[in-house]
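Note that the numbering runs from 1 along the sequence shown for the chain.
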Amino acid sequence: MKKRFLMLIAAWAVFAVLLSGFSFAFAASEEIVLTFGGDCVLGTREQWKKKKNTFDTVIAANGMEWCFEKIREPFETDDLSTVNLEVVLQKGSKGHEKGKKYTFRGDPSYTGILSAASIEHVNLANNHYIDFGRPGRASTVEALEAGGIAYSGYTYRYVAELHGHKIGFGGCRETVWRQKPEVMREDLQALREAGCEVIVYSCHWGKEYAARHNERQEQMAQEAIKGGADLVIGTHPHVVQGVDERNGAVILYSLGNLVFGGTHQMKTFDGLLAQAVLRFDEQGYAGLTLRLIPVLTSGSAPENDFCPVFAEGEDAARIFDSVQQDSPFEISAERWFPAR
């Protein structure tokens with residue numbers, strides 16, 4: 001009897017250890033933190049390639065860590081970070097669309113700028129991914145794959161497996177959506193069929209430097225949410241815009257610029273980082289806590305040094321006010337949004 005009792009105690013002890021390990025694993029997977037940054041032009045215009053104090057020469061002088069060294073903490077402490085990569089990564093100018101007013105190109109090695117900041121994923125659905133035609137698009141994808149950076153947008157989709165959960169990423173441009181709205185539906189359907197519990201969809205939309213989002217942006221957001229998006233991330237206006245919530249999904253209409261090598265005479269230095277803390281429970285995805293982190297796209301304003309800093313004091317208050325003016329509810333640095 002005593003032997004049987006001791007065996008029972010031992011069995012319960014093993015079970016308790018296993019249960020403890022399971023509980024710890026489950027607790028560790030309850031939250032997933034995603035960080036989002038706005039427009040990143042990691043390069044410059046063809047005519048500026050060798051000029052002093054332009055993006056290429058600044059990186060050559062300061063190294064790959066320069067761009068994000070003062071705001072790296074949110075990227076390093078999360079589970080996955082993503083930005084809008086608004087540049088072609090290509091060695092030469094083959095395929096250059098010279099008829100475009102602004103075209104941007106960076107060296108393929110600039111994926112090192114992203115990896116140095118612990119940025120694991122980029123959105124390609126924007127109007128500068130096409131600046132160097134088919135050769136530029138192919139070179140950009142090759143550079144990202146060689147650098148270990150995931151990507152989505154322009155029918156590319158990405159599924160990240162984080163702590164046992166599948167998070168899907170896709171994206172499209174407004175012009176593409178207007179011509180072929182089924183592109184968005186196909187992206188979202190494919191991500192749902194891949195078993196994604198949460199879908200993040202990037203929309204490159206709106207009017208440049210408009211302080212308020214427009215009706216077209218609302219239409220696109222509504223269609224993305226109808227198709228299954230849980231978080232819609234907006235880029236292109238180059239200024240911050242509002243936050244909204246529809247049917248349990250969250251919309252960020254514009255994060256503004258982040259690292260912008262495309263110009264030296266900036267019209268605004270105000271930008272945002274956004275963190276989405278995804279919460280899961282026994283029933284699955286429960287919702288997210290949205291954290292807004294105001295930034296300035298240069299630490300040397302009015303000069304553009306391509307090295308953003310966290311905004312403080314009056315700068316932070318101004319950025320939050322800009323977001324508030326374009327939002328239907330009270331904006332705070334952190335807010336919970338339950339899932340639909």
For the residue pair [X] and [Y], what are the closest heavy atoms and their distance?
| X | Y | answer |
| --- | --- | --- |
| W48 | T263 | CZ3-CA, 3.9 Å |
| Q275 | P74 | NE2-O, 3.4 Å |
| C172 | M184 | SG-CE, 4.1 Å |

First locate atom [atom1] of [X], then atom [atom2] of [Y], and finally report the distance between them rounded to the nearest 0.5 Å.
| X | Y | atom1 | atom2 | result |
| --- | --- | --- | --- | --- |
| Q90 | R137 | CD | CZ | 11.0 Å |
| S322 | R212 | OG | CZ | 8.0 Å |
| R279 | T289 | CZ | OG1 | 7.0 Å |
| L85 | F104 | CG | CZ | 12.0 Å |

Under a 4.5 Å cut-off applied to non-hydrogen side-chain atoms, are H264 and E303 in contact?
-> no

For residues 179-202, which residue pairs qualify under ring pair (Phe, Tyr, Trp, His ring centres under 6.0 Å), counting only residues two or more places apart or in two chains?
->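 Not a single pair qualifies under ring pair (Phe, Tyr, Trp, His ring centres under 6.0 Å).
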
For residues 222-241, the ring pair (Phe, Tyr, Trp, His ring centres under 6.0 Å) pairs (sequence neighbours left out) are H204-H236, Y209-H238, H236-H238, H238-F260

In terms of side-chain heavy atoms, does Q217 have a donor or acceptor partner in Q241 at a distance below 3.5 Å?
-> yes

Using the salt bridge (charged side-chain N to carboxylate O under 4.0 Å, His left out) criterion, which residues pair with [X]? Sequence neighbours excluded.
| X | value |
| --- | --- |
| K100 | D131 |
| E65 | R72 |
| R246 | E218, D244 |

Using the ring of each side chain (for Trp, its six-membered ring), is Y156 parallel, tilted or perpendicular to Y151, with breaks at 30° and 60°?
->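 The arrangement is perpendicular - the two ring planes meet at more than 60°.
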
H213 and Y253 aromatic ring geometry - parallel, tilted or perpendicular at 30°/60° bounds =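 Parallel.
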
Test the R335-F329 pair against the cation-pi criterion, namely NZ or CZ under 6.0 angstrom from the six-membered ring centroid and within 45° of the ring axis.
->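 Checked: cation-pi criterion met.
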
Report the C-alpha separation of F55 and Y110 in whole Å, then their side-chain angles, then the decisive distance to 0.1 Å, and conclude whether the ring-ring contact (aromatic ring centres under 6.0 Å, His included) test is met.
-> CA-CA 11 Å; F55 189 86; Y110 287 173; 5.6 Å; yes

Report yes or no: does T77 contribute a side-chain atom to a donor-acceptor pair with the main-chain N or O of E73 at less than 3.5 Å?
->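 Answer holds: yes.
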
Would you say the side-chain atoms of D326 pair up with the backbone N or O of G242, donor to acceptor, closer than 3.5 Å?
-> yes

Partner of L34 under side-chain contact (heavy atoms from CB on, under 4.5 Å), chosen from I233, V277, D78, L278 =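 The passing option is L278.
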
Pairs under 3.5 angstrom only: tabulate donor-acceptor contacts from the side chains of residues 265-274 to other protein residues two or more places apart or in another chain.
| from | atom 1 | to | atom 2 | distance (Å) |
| --- | --- | --- | --- | --- |
| T268 | OG1 | D270 | N | 3.2 |
| D270 | OD1 | R318 | NH2 | 2.8 |
| D270 | OD2 | R318 | NE | 2.9 |

